[in-house]
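Chain A is the first sequence line, chain B the second, and so forth, proteins listed ahead of strands; every chain is numbered from 1.
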Protein chains: 2
Amino acid sequence: MGQGADHLTSNQAQVLDHLRAANAPMTAYQLLGRMQNDRGAVAPPTVYRALKALEEAGLIRRIETLRAWAPVATVRPGVVVICDDCGTVRGVEAPGLLESLHERLVAEGFAEARKTIEVHGRCGDCAEDRA
Amino acid sequence: MGQGADHLTSNQAQVLDHLRAANAPMTAYQLLGRMQNDRGAVAPPTVYRALKALEEAGLIRRIETLRAWAPVATVRPGVVVICDDCGTVRGVEAPGLLESLHERLVAEGFAEARKTIEVHGRCGDCAEDRA
DNA sequence: CGGATATACGTTATAGTATAACATAGCGCA
DNA sequence: TGCGCTATGTTATACTATAACGTATATCCG
């Protein structure tokens with residue numbers, strides 16, 4: 001587990017721990033609340049700086065459609081699948097898909113820098129629960 | 001031009017006009033500023049309500065990674081391609097791609113409701129300008 | 001040692017995005 | 001006429017994110 005990290009600072013480690021302990025993405029202010037429980041006063045920049053460093057280290061990513069953050073372990077590669085019922089988030093491998101999109105764009109002279117692919121819906125477990 | 005619309009209210013038409021006149025997505029508060037220029041006092045809910053109605057009518061969509069809004073005409077189907085240099089946004093057809101992703105998810109028991117696919121990078125025109 | 005630089009962090013304030021809640025106005029129609 | 005519906009106005013506030021400045025600590029090297 002864990003790649004791309006050098007040494008995490010204690011703020012960064014704490015944020016990462018909370019994200020890994022959660023079973024759904026957390027917003028920055030949810031994290032802020034947890035940190036304020038753990039120790040005393042914490043201000044938003046503390047959280048956002050940790051999030052930025054962790055994102056740059058490849059350890060977390062922002063789920064754009066949720067305005068929230070998730071550890072990369074649960075979300076891995078290109079495609080993020082989000083259950084709107086239970087809130088869980090998974091990464092789905094889709095190598096061919098990313099490949100073919102890439103070729104499409106290259107053919108048009110577009111130089112890709114960053115891809116965001118997020119799918120909302122209901123996961124199998126939640127569908128069963130309603131059956 | 002234009003589908004899915006019933007009758008637009010004047011707020012909605014005004015917002016849509018501004019979005020169509022722009023060559024890049026606009027934030028809600030940019031739109032708010034334009035509306036305040038056009039007539040006098042306008043408050044955020046006026047803009048957000050119009051955006052919501054237009055989105056439900058399929059006439060615009062939110063570009064999640066930009067926190068901004070674009071007319072569907074410029075952005076069409078599944079894949080949104082964004083140039084980080086000039087700010088323009090295009091829709092790219094990618095039927096096979098969406099198809100195969102869909103099948104992947106169905107196979108896992110996941111029921112899709114909404115897909116967001118956004119690609120950032122530099123468009124061909126901007127690449128030339130730097131050559 | 002002592003100073004220069006770099007990094008993280010604390011702290012205060014503010015910018016930017018979005019919605020809740022309640023009041024009002026106009027329209028269609030029983 | 002009076003009811004219900006929809007859109008709008010209006011005020012306030014919630015939520016998300018960053019700017020700007022100061023301080024502490026570590027590191028490197030003269």
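Side chain of A:W69, nearest nucleotide from C:dT17, C:dA18, D:dA17: D:dA17.
One finds no side-chain N or O of A:R62 lying less than 4.0 angstrom from the OP1 or OP2 phosphate oxygen of D:dT16. For C:dA18, one of the phosphate oxygens OP1 or OP2 lies less than 4.0 angstrom from a side-chain nitrogen or oxygen of A:R67. A:Y48 has a side-chain polar atom (N or O) that falls below the 4.0 Å cut-off from OP1 or OP2 of D:dA17.
Here the side chain of B:R49 pairs no donor or acceptor atom with the backbone of B:P44 at under 3.5 angstrom. A donor-acceptor contact shorter than 3.5 Å links the side chain of A:E118 to the backbone of A:E64. B:R104 places a side-chain N or O within donor-acceptor distance of the main-chain N or O of A:E93, the cut-off being under 3.5 Å.
Summarising the geometry, the separation between NE2 on A:H7 and P on D:dA26 is reported as 14 Å, rounded to the nearest angstrom. Taking atom CE on A:M35 and atom C1' on C:dT11, their separation rounds to 15 Å, with Å as the unit. Here D:dA14 presents its P atom at 16 Å from CG of A:L32, a figure rounded to the nearest Å. As a whole-Å value, the separation of A:L31 CG from D:dC15 C1' is 14 Å. Between A:L54 atom CG and C:dC9 atom P there is a gap of 10 Å when expressed in whole angstrom units. Residue B:Q30 contributes atom CD, which lies 10 Å from atom P of C:dG16 at whole-angstrom precision. One atom, CG of B:L66, and another, P of C:dA18, lie 12 Å apart when rounded to the nearest Å.
For the side chain to side chain contact (heavy atoms under 4.5 Å, CB included) criterion with A:W69, the lone passing option out of A:L19, A:V47, A:L54 is A:L19.
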Using atom names, set out every protein N or O paired with an N or O of nucleotides 5-11 of chain D below 3.5 Å, distance rounded to 0.1 Å.
unit_1, atom_1, unit_2, atom_2, d
D:dT8, OP1, B:T9, OG1, 2.6
D:dT8, OP1, B:N11, ND2, 3.4
D:dT8, O5', B:N11, ND2, 3.1
D:dG9, OP1, B:R39, NH1, 3.3
D:dG9, OP2, B:T46, OG1, 3.2
D:dG9, N7, B:R49, NH2, 2.6
D:dG9, O6, B:R49, NH1, 3.3

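The pair A:R90-B:E108 counts as a salt bridge, with a side-chain nitrogen and a carboxylate oxygen less than 4.0 angstrom apart.
Side-chain N/O atoms of A:R34 and A:Q14 include no donor and acceptor closer than 3.5 Å.
Residue side chain B:Y29 does not reach the base of C:dA15 through any donor-acceptor N/O pair under 3.5 Å, judged by distance alone.
Judged as a side chain to side chain donor-acceptor pair (under 3.5 Å), and not counting sequence neighbours, B:Q30 has no contacts.
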